[in-house]
Amino acid sequence: MITSQEFVERMKSLKPNCYMHGELIQRDDPRMMVAMKDILMTYDMVDDPRFKDILVTTSHLTGNKINRFTNVHQSVEDLLAKQKMTRELSRLSGTCIQRCMGIDMVNALSIVTKEADDKNGGKTEYHERFKAFLKEFQDKDMVGAAAQTDVKGDRMLRPHEQADPDLYMRVVERNAKGIVVRGCKVHTTVGPYCDEMIVTPCRSLTKEEGDYSVCFSVPADTKGIHMLIEAANPTARKALPAEVANHGIAHSVTIFDDVFVPWERVFLDNDPQLGARAALLFALYHRHSYTGCKPAYTDVLMGTTALIAEVSGIEKQQHVRHKIAEMISVAELVYASGIAAAHTSTKASSGTQVPDVVFCNVGRKHAGTNIYHEYDILCDICGGQPQTMPYEEEYADPRWRPYLDKYFMRKADVPPETIHRAFRLAQDLIAGPVTSNMQIAGVHGGGSPIMEDIAIWGSYPIEEKKKIARHLAGIPETPKEPKDKK
Ligand code: SF4
């Protein structure tokens, strides 16, 4: 395992290919360092007695100690530990721990590469290639980005029907050494500060779409990759420094401009059925990760709601307790769905542990459905203060601080600075530069709500439920064919 400083040095050694606000930026640009903070935590915490038992595990491949963010889950316990780790680290960051992107991709590919080789009767070597990649990924303690979502063009047309065939990532050339790919992936979280760009399709594919059914991984600074960056960084603190202000997040629009991928890094090619399976498996693993991070984010919102209520003297009010109980119900039901998904998981032919589809998706759906309601509750309890309070500079100015201390007071036994700190935290959460990122990711991250419904419908035994209804209604098991009308 490496240190966070070694990771930063590695990022600095990559060829610059990230653009932001009109500039070609370095990966240690200060705006990137705030966004990268969560990733650095995943390196720093391996020595922390509070976290090392869940953050450090043993590679099933090499027997070496590895960071769990590079692990391929082998058991129910692995899935539970991953979920717990995700909740505990996300709570500390107050946002999104980000490194799940790579681990979820790696787990999906561990399954698909083996299934492809089994299907091809040993004529392909995807799984051996994948294992060689995984060994390097684990040994070097790498961070992977999940470059999955294509730009998609006309939503009513399939990939091969688009006016521009590059609107979904595709292979444009195959030669003796590898393939050349062209396309553009969006919403690439950690793209600007990852080691590897791990790519899969993002949807179901048809037999005409062999060129679109490609999975691979390449270093993030590979020739032809260009990243256009959006960074959601919190407002910097001066007078009242606080942990919440240290964590941002960045995403990229990732352009693959005829990128060469050597065969040893191609993990699937020209197999629409398994290309689609790779897409679904990444989404499944990521939704299981969500059952860890979304409860963590509810922890942050509910903790802040309870704190604001406490400093305001209203914590015992029935309506406040009722609202916080709603938040508790969201957090713990979503977390419970992840636990259930782990306990009902199955083993893929590769040996990888696969969480249950329905439990992962209903958990993710419950979190997404409630995200704006949780903001609503915090906003309700805070009143308008988070939006309209003066800037920190005024609070730090000796001319104004006595006034701001005097007039922002709530409960007499709560120091004024505590009031200011609590409301500035609420401001960061509901009216800050990271707010919309967390709200939109709360709905769409890891796949939009419709994809959850599709996954649920694809796996849920709805016929069994109709059978129950028929039994209770006295309707015969097999409905009779309607008689032809003469
Ligand atoms: Fe991980 Fe959640 Fe962030 Fe996705 S949104 S990268 S699951 S912490």
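Treat the numbers as computed from the prediction; the structure is a model and nothing was measured. All ligand and atom numbering here is 1-based and tracks the order in the structure. The first residue in the sequence is number 1, and the count goes up from there. Side chains are part of it too, since the values below use all heavy atoms of this structure and drop only hydrogens, waters and symmetry mates.
In this structure, His286 and Phe282 have parallel ring planes: the angle between them is below the 30° cut-off, well short of the 60° mark. Aromatic ring pairs are classed by plane angle as parallel below 30°, tilted from 30° to 60° and perpendicular above 60°; the pair Tyr285 and His73 is tilted.
Annotation: cation-pi pair Arg129/Phe267 absent, no NZ/CZ under 6.0 Å from the ring centroid and within 45° of its normal. Remark: Arg364 qualifies as a cation-pi partner of Tyr290 under the 6.0 Å distance and 45° angle criteria applied to the six-membered ring. With Tyr297 as the aromatic partner, Arg91 does not meet the cation-pi criteria of under 6.0 angstrom to the ring centre and within 45 degrees of the ring axis.
Taking each heavy atom of Gly102 and Ile198 in turn, the nearest pair found is O-CD1, 4.3 Å.
Around atom 2 (Fe) of ligand 1, the protein atoms of type N, O or S found under 2.8 Å away are Cys293 SG, listed by chain and number.
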